[in-house]
Structures are given as structure tokens and as C-alpha cells.
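Written below as C-alpha cells is the structure these notes are about.
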There are 2 protein chains.
Amino acid sequence: MGAIAAQAVTRSVEDYLKAIYRLSTAGQPATTSAIAGLLELSPPSVTGMVKRLSEQGLLAHEPYRGVALTAAGRRLALRTVRRHRLVESYLVAYLGYSWDTVHDEAERLEHAISDELAERMAAALGNPGVDPHGDPIPTADGDIAEVTGVPLSDVPEGVAVEVRRVDEHDAERLRYLASLGLVPGALVTVTGREPFGGPVMLRTPAGTHALGPSLAGDILCGRPAE
Amino acid sequence: MGAIAAQAVTRSVEDYLKAIYRLSTAGQPATTSAIAGLLELSPPSVTGMVKRLSEQGLLAHEPYRGVALTAAGRRLALRTVRRHRLVESYLVAYLGYSWDTVHDEAERLEHAISDELAERMAAALGNPGVDPHGDPIPTADGDIAEVTGVPLSDVPEGVAVEVRRVDEHDAERLRYLASLGLVPGALVTVTGREPFGGPVMLRTPAGTHALGPSLAGDILCGRPAE
DNA sequence: ATCCGGATTTAGGGTATCCGAATTTTGCTG
DNA sequence: CAGCAAAATTCGGATACCCTAAATCCGGAT
């Protein structure tokens with residue numbers, strides 16, 4: 001339920017919660033410096049905000065150890081993630097944005113739109129389950145689907161798999177991946193790979209290419225639907 | 001040109017400039033207390049911000065006298081007005097908002113959208129000249145059309161005129177006016193009026209009604225555009 | 001020309017968020 | 001188990017806004 005947010009939650013607060021959410025779902029510990037790194041802030045700033053958010057019951061903070069979201073913090077974080085991904089989806093679907101340029105716009109709009117507008121966009125989009133990058137969109141009541149799959153870098157050779165999610169924010173790299181046909185839903189087959197984490201050879205609808213291991217690690221694949 | 005905004009302009013700054021712009025186009029002097037009234041702030045807060053904006057060259061401030069926008073301030077104000085009206089237009093045209101509910105949403109979004117998004121919305125709308133209330137939308141380079149016309153309260157009897165602009169923000173009153181068919185573009189004829197600023201009798205596509213003088217004063221009419 | 005009341009500004013404070021410098025804690029490591 | 005480096009926190013300070021209470025200014029009324 002949107003029975004959240006009795007009052008104004010600042011941009012900052014939402015950004016902190018989102019960053020902590022991101023770290024914890026990435027399996028990384030939400031340390032002061034990790035948060036500072038994501039938000040491009042100094043560690044003392046983070047310590048200060050973490051203390052405030054703990055007092056508000058949004059975070060559990062073990063000094064010198066790290067933080068975790070409380071249930072309330074997680075709800076707020078997911079609400080922000082939902083808005084972000086809905087905005088990205090909407091801008092791509094209806095306003096001609098490409099997946100590499102929506103991020104910054106969504107980063108600002110996610111803090112400004114009302115629940116009303118978020119739900120109207122969701123409805124216009126047909127309540128999508130994933131955004132243009134293949135990231136799952138949390139539901140309005142805070143459920144979020146798991147994304148399962150194997151990084152393209154680990155996909156066995158010769159098997160046709162479907163790109164499920166592209167975990168990359170850099171605009172230029174996103175354009176590059178799109179030019180290779182590596183977008184959510186595309187079918188890919190690994191045709192060969194160099195040893196020791198070298199480039200991967202692959203065939204996509206857009207042709208045959210070599211892809212470096214770091215990018216290949218950002219692409220989550222799975223068995224083609226149906 | 002969007003050659004404005006070298007750096008972040010806060011919500012506050014945009015709101016102050018917009019309020020001052022609003023006052024000056026309404027022919028009212030932009031005094032400290034008038035600004036405070038529009039923004040629902042205390043006069044000392046306004047004095048303080050006015051000082052800061054003057055230092056930034058956005059306002060000309062004569063202490064104890066009032067303020068006026070500089071060219072730079074006016075450009076920023078018009079940019080914000082443009083965004084506001086584009087957002088309102090877009091939400092009404094594409095997301096099912098009605099003209100009485102868009103204002104609050106636009107009030108927040110006008111500070112969050114990029115030039116890019118503003119222009120994409122404008123393009124999607126076919127670069128409209130007016131918003132759903134009939135207010136002119138400034139162009140991207142800061143030109144704004146004059147709205148000319150006569151308040152409905154002053155329209156002579158028996159002449160069919162067109163509603164050009166409805167200068168009202170209150171949601172309930174807007175719904176009421178819409179229910180009477182008093183929306184931009186509608187044809188109205190004044191069929192009679194009480195003396196001494198009493199109600200006006202009128203005929204619209206939605207029927208025949210009486211309208212109080214204060215609301216009638218908010219409706220600007222003109223000769224129908226054939 | 002003086003006075004007065006309303007408008008405006010100054011003074012003094014408060015909150016939220018950020019920073020750099022200094023200090024404390026933690027978890028090794030020799 | 002003492003010593004250290006890295007990480008985290010505390011400290012002191014800055015900025016941007018906002019407020020109430022206390023001056024101060026201005027223009028009209030006497």
C-alpha cells in the first residue's frame with residue numbers, strides 16, 4: 001500500500017535508501033564508504049545521514065559495522081526504485097528516449113512524481129514487470145520479482161539463451177551493447193571464448209561479435225521464455 | 001536559447017522568480033509581502049532570498065520599494081512557466097489528468113524535468129501555444145504571447161464570445177466552471193446581468209446558467225477565431 | 001512639518017545537508 | 001599481543017532556507 005510517506009521525504013533520503021538497497025541486493029555490505037562511493041559524498045556526510053535515518057527507523061545501524069534497511073526503509077527504497085523504473089520505461093515507450101539516456105532524467109523525476117502519476121504511467125504502460133534494462137519493477141505494494149539467470153560470461157557455448165537484464169548505467173557502453181543487439185529479450189549464442197576470462201564470441205540477431213569479459217558479466221541470461 | 005542555467009537552480013529560486021513574474025504581469029507591484037503571500041512564506045524570508053537573488057543578478061531590488069526581474073531573472077522565470085504549462089498540457093493530453101488536478105503535479109515537475117524532456121513533451125503535443133487553462137506557453141527562447149480579451153463579467157449582452165483563458169487555480173472551482181461548459185474555446189453568450197456586479201446570466205454549449213461575478217472576472221473572452 | 005501605522009528589514013535562531021581535519025575503532029600482522 | 005593502516009566517527013564550520021521578535025523606514029493624515 002501507498003500508506004507510506006506520511007510526510008515529505010527529501011531527495012537525499014530517497015537516494016540514501018536506494019543506494020543501500022542497491023548494495024544489499026548486490027550482495028555487498030552497506031558500509032559507510034560504499035554508500036559514500038555510490039552517492040559521491042564524503043564518508044562523514046554519510047555517517048551523519050545514517051544516524052538521522054536510524055533515528056527515523058528507516059535503517060538499522062551498527063556503528064563501525066554497517067547499516068541495513070528496516071522494513072520501513074525497504075518499503076521507501078522500493079517505492080523509489082519503482083518510480084525510477086516506471087519513469088525510465090515511460091520515457092522510452094512514449095517520449096522517444098533510448099535506454100542509454102533515460103537514467104539521469106529518471107534520477108530526478110523519481111523524487112518529484114506523485115503516486116498518482118506513477119500509477120498512471122504504469123497503467124499507460126500496461127503495468128510492465130521490467131524496465132528497458134530488464135530490471136524488475138517493484139509492485140505498488142513493495143513486492144519485487146527475483147531476476148534469475150547466468151552472466152553471459154558464464155553461459156556455456158552453443159546454447160541459445162535470452163538476454164534478461166543488462167546491468168549497466170554508462171550511456172556509451174549501453175549504446176555499444178545495443179549496437180551488438182544485446183538488449184533484453186534478444187537471443188544470443190556463445191560461439192566461443194578465450195580462456196582466463198578473455199573476450200566472449202557470440203552471435204546475436206545483429207551479427208557475430210567479440211565482447212569483453214567485464215561487459216559480458218553485466219548481462220544476465222536465461223532460458224528463452226516458453 | 002537554453003543557454004541558461006549554467007548550474008543548478010533550486011526549486012526555491014524558480015518559485016520566487018515565477019511569483020515575481022506573476023505579480024508583474026498581473027500589473028501588481030512585486031512587494032515583499034505580495035511575494036510572501038503567494039509563496040506562503042514570512043516577509044523576512046522573502047527579504048533574505050531577494051537579497052541573494054539580487055546578488056546573483058536575477059532581480060533588481062530597491063530596498064523598501066520592491067523588486068523587478070532582470071533580463072536573466074525573466075528568462076529563468078519564463079523557462080519555469082514554460083515547463084509548468086507544458087507539463088500541465090502533457091498530463092492532460094496523455095495521462096488522463098483533468099485541468100483541475102494537474103496544477104500540483106506540474107508544480108513539482110517543473111523543477112525536475114530537463115530541457116530535453118520539456119522539448120520532447122512540447123513536440124509530442126505539437127508545440128501548443130496555450131495550456132489547458134488557455135494560458136500562453138512561452139517559447140523555448142523566452143517569448144510569450146499576450147493574451148487579450150475582456151473578462152466575462154464585462155462582456156456585453158447578446159454577443160457570442162469565445163472563452164480564451166480561465167485564470168483560476170482552485171480545483172473545485174475549475175470543476176464547477178467545466179461543468180458549466182466554461183472551458184477555453186467554448187462559445188458563450190451573456191444573456192443578462194444583475195446590476196452592481198451581481199451574477200451574470202449566460203448560455204454555453206452546456207446550457208444556461210448564472211455565474212457569480214468573481215468567477216466571471218477570471219474568465220477572459222474574445223471574438224471567436226472564426 | 002510631524003506623527004503613526006503598516007511594510008520592510010535586521011537580528012538572532014533553527015534545521016538539513018554538506019565538507020575537511022582530527023580522532024577513534026577495528027581487524028589484521030608481525 | 002603490540003602496532004598499524006584503513007574505515008568510521010566526531011568535531012568544527014559552511015551554505016541555503018526558514019522563522020519570530022525587534023528595529024527601521026515610508027508615505028499619508030493631521
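Proteins come first, then strands; the chains are lettered A, B, ... in the order of their sequence lines, and each starts at number 1. From a predicted model like this one, the values you see are computed outputs, not experimental measurements.
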Practice item. Nearest-nucleotide wise, let me know which of Arg65(A) and Thr10(A) is further upstream toward the 5' end of DNA chain C. Key: Thr10(A)

Practice item. Report the distance from atom CD of Gln56(A) to atom P of dT17(C), rounded to the nearest whole Å. Key: 8 Å

Review point. Separation of Leu17(B) atom CG from dC17(D) atom P, in whole Å?
Key: 11 Å

Practice item. State whether Ser42(A) places a side-chain N or O below 4.0 Å from either non-bridging phosphate oxygen (OP1 or OP2) of dC19(C). Key: yes

Check your understanding: Any side-chain N or O of Ser45(B) less than 4.0 Å from the OP1 or OP2 oxygen of dC18(D)?
Key -> no

Exercise for review: Using a cut-off of strictly less than 4.0 Å, decide whether Lys51(A) has a side-chain nitrogen or oxygen near OP1 or OP2 of dA8(D).
Suggested key: no

Point to revise | Arg11(B) and Asp15(B) ion-paired at < 4.0 Å | key: yes

Exercise for review: Ignoring backbone atoms, test whether His61(B) places a side-chain nitrogen or oxygen under 4.0 Å from the OP1 or OP2 oxygen of dT9(C).
Suggested key: yes

Practice item. Quickly work out the Asp15(B) CG to dC17(D) P distance and round it to whole Å. Key: 11 Å

Point to revise | Donor-acceptor contact below 3.5 Å, side chain His169(A) vs main chain His103(A) | key: no

Check your understanding: Between Val46(A) and Ser33(B), which has a closest nucleotide on DNA chain C that is more 5'?
Key -> Ser33(B)

Check your understanding: Which of the following nucleotides, dC17(D), dT9(C), dT9(D), is nearest to the side chain of Met49(B)?
Key -> dC17(D)

Review point. Taking atom types as modelled, is there a side-chain donor on Thr80(B) or Glu110(B) under 3.5 Å from an acceptor on the other?
Key: no

Review point. Are Asp115(A) and Arg83(A) close enough for a salt bridge, meaning some N to O gap below 4.0 Å?
Key: yes

Check your understanding: For the pair made of CG in Leu39(A) and P in dC19(C), what is the distance, rounded to whole Å?
Key -> 10 Å

Exercise for review: Check whether NZ of the Lys or CZ of the Arg Arg74(B) lies under 6.0 Å from the centre of the six-membered ring of Tyr21(B) and within 45 degrees of that ring's axis.
Suggested key: no

Revision key, fill the gap. Rounded to whole Å, CG of Leu53(A) lies from P of dT9(D) at a distance of 13 Å

Study note, to complete from the structure: To the nearest angstrom, the OH-P distance between Tyr64(A) and dA8(D) comes to 10 Å

Check your understanding: Which one, dA8(D), dG20(C), dT9(C), comes nearest to the side chain of Pro43(B)?
Key -> dT9(C)

Practice item. Figure out the CZ/P separation between Arg52(B) and dT9(C), and round it to whole Å. Key: 13 Å

Check your understanding: Quick one: Leu58(A) CG to dA16(C) C1', roughly how many Å, whole number?
Key -> 15 Å

Study note, to complete from the structure: Which of dT9(D), dT26(C), dC18(C) is nearest the side chain of Thr32(A)? It is dT9(D)

Practice item. May I ask you to say what Thr47(A) touches in the nucleic acid, namely base, sugar-phosphate or nothing, with a heavy-atom cut-off under 4.0 Å? Key: base

